[in-house]
Chemist: 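Take this structure, written in structure tokens, and hold onto it; I'll ask about it next.
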Amino acid sequence: MSSQTERDVVIVSGPARAEYLHVLRAVGSSVAARAPLPYDAVDDLRLAVDEASAMLLAIRAPATTITLEVETLPDRLEIVVRSDVDVVGWPAPGMERTVGWTVLSALVDDVRTEAQPGGAALRLVKRIHGPAPTG
């Protein structure tokens with residue numbers, strides 16, 4: 001018997017091209033819909049995934065893959081959008097003053113840049129207020 005709790009994580013990857021971002025939006029909003037969040041919060045997360053993906057695709061170094069990871073925790077959803085671009089120069093100076101960053105900050109409770117093995121990433125956190133998800 002293991003004392004480690006099982007993680008509730010969904011991961012999806014696809015080509016780093018704008019015409020495939022609808023898949024990431026759909027997966028993100030579908031996972032968010034399972035959490036006790038109001039409809040407008042689920043829609044906010046769908047928009048946040050779209051904005052984060054667009055910000056990563058705008059990096060000058062071309063990416064080949066973009067990945068969405070959504071983890072459901074008892075008190076929050078953690079969403080990581082990652083591309084496989086070279087992380088040199090990530091995040092760009094002044095990124096926190098861009099329109100995209102302002103939009104992300106309005107849609108989620110916390111947004112952070114990350115340089116991870118394999119690429120640049122944006123971590124989005126949305127707090128859950130209410131009972132833990134069931135099912």
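Values reported hereafter were calculated over all heavy atoms of this structure, with side chains retained and with hydrogens, waters and symmetry mates removed.
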Chemist: Under 4.5 Å between any side-chain heavy atoms of Thr113 and Met95, yes or no?
Modeler: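 Yes, side chains in contact.
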
Chemist: Give a yes or no answer on whether the side chain of Thr102 reaches the backbone of Thr98 with a donor-acceptor pair at less than 3.5 Å.
Modeler: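 It does hold such a pair.
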
Chemist: Check whether Asp8 reaches the backbone of Thr72 with its side chain - one donor and one acceptor, N or O, closer than 3.5 Å.
Modeler: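 The answer is no, because no donor-acceptor pair under 3.5 Å joins these two groups.
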
Chemist: Pick out which of Thr67, Asp84, Val23 makes a side chain to side chain contact (heavy atoms under 4.5 Å, CB included) with Ser13.
Modeler: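 So the option named by the test is Thr67.
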
Chemist: What distance separates Leu73 CG from Ile128 CD1, expressed to the nearest 0.5 Å?
Modeler: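 Separation between the atoms: 7.5 Å.
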
Chemist: For Leu68 versus Ile79, what's the shortest heavy-atom pair and its separation?
Modeler: CD1-CG2, 3.4 Å

Chemist: Please report the closest heavy-atom contact between Glu51 and Val103, naming both atoms and the distance.
Modeler: CG-CG1, 4.1 Å

Chemist: Say whether Leu47 and Tyr39 are linked into one hydrophobic cluster, either directly or through other cluster members, by side-chain heavy-atom distances under 4.5 angstrom.
Modeler: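 Hydrophobic grouping puts Leu47 apart from Tyr39.
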
Chemist: Working to the nearest 0.5 angstrom, can you tell me the gap between Thr65 OG1 and Arg17 CZ?
Modeler: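 These two atoms lie 10.5 Å from each other.
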
Chemist: Might you work through the side chain to side chain contact (heavy atoms under 4.5 Å, CB included) test for Trp90 and Val85, ending with a clear yes or no?
Modeler: CA-CA 10 Å; Trp90 173 260; Val85 298; over 6 Å; no

Chemist: As a quick check of understanding, evaluate side chain to side chain contact (heavy atoms under 4.5 Å, CB included) for Glu69 and Val9, giving each step before the final call.
Modeler: CA-CA 7 Å; Glu69 179 178 321; Val9 180; 3.6 Å; yes

Chemist: Same cluster or not: are Val49 and Val125 linked, directly or through other Ile, Leu, Val, Met, Phe, Trp or Tyr residues, by side-chain heavy atoms under 4.5 angstrom apart?
Modeler: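 No: no chain of side-chain contacts under 4.5 Å links Val49 to Val125.
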
Chemist: Please report the C-alpha distance between Lys126 and Arg76 in whole Å, then the side-chain angles of each, then the deciding distance to 0.1 Å, and finally whether the side chain to side chain contact (heavy atoms under 4.5 Å, CB included) criterion is met.
Modeler: CA-CA 5 Å; Lys126 184 72 171 177; Arg76 68 191 181 281; over 6 Å; no

Chemist: For Ala121 versus Val80, what's the shortest heavy-atom pair and its separation?
Modeler: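 Taking every non-hydrogen atom into account, CB-CG1, 3.9 Å.
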
Chemist: List the atom of Val81, the atom of Ser53, and the distance in Å for their closest heavy-atom pair.
Modeler: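 Result for this residue pair: CG1-OG, 3.6 Å.
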
Chemist: How close do Leu104 and Ala48 get, counting heavy atoms only, and between which atoms?
Modeler: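 Nearest heavy atoms, Leu104 then Ala48: CD2-O, 3.3 Å.
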
Chemist: Show the numbers, then the answer: is there a side chain to side chain contact (heavy atoms under 4.5 Å, CB included) between Leu122 and Met55?
Modeler: CA-CA 9 Å; Leu122 288 163; Met55 290 174 73; 4.2 Å; yes

Chemist: Does this structure show an ion pair linking Asp44 with Arg46, if we count only N-O contacts that are shorter than 4.0 Å?
Modeler: no

Chemist: Could you give the distance from CZ (Arg123) to CD (Glu71), rounded to the nearest 0.5 Å?
Modeler: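 Arg123 CZ to Glu71 CD: 8.0 Å, rounded to 0.5 Å.
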
Chemist: Distance from Leu77 atom CG to Leu37 atom CG, nearest 0.5 Å?
Modeler: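 These two atoms lie 5.5 Å from each other.
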
Chemist: Mind listing the closest non-hydrogen atom pair of Leu57 and Ala18 along with its distance?
Modeler: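 Result for this residue pair: CD1-N, 3.9 Å.
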
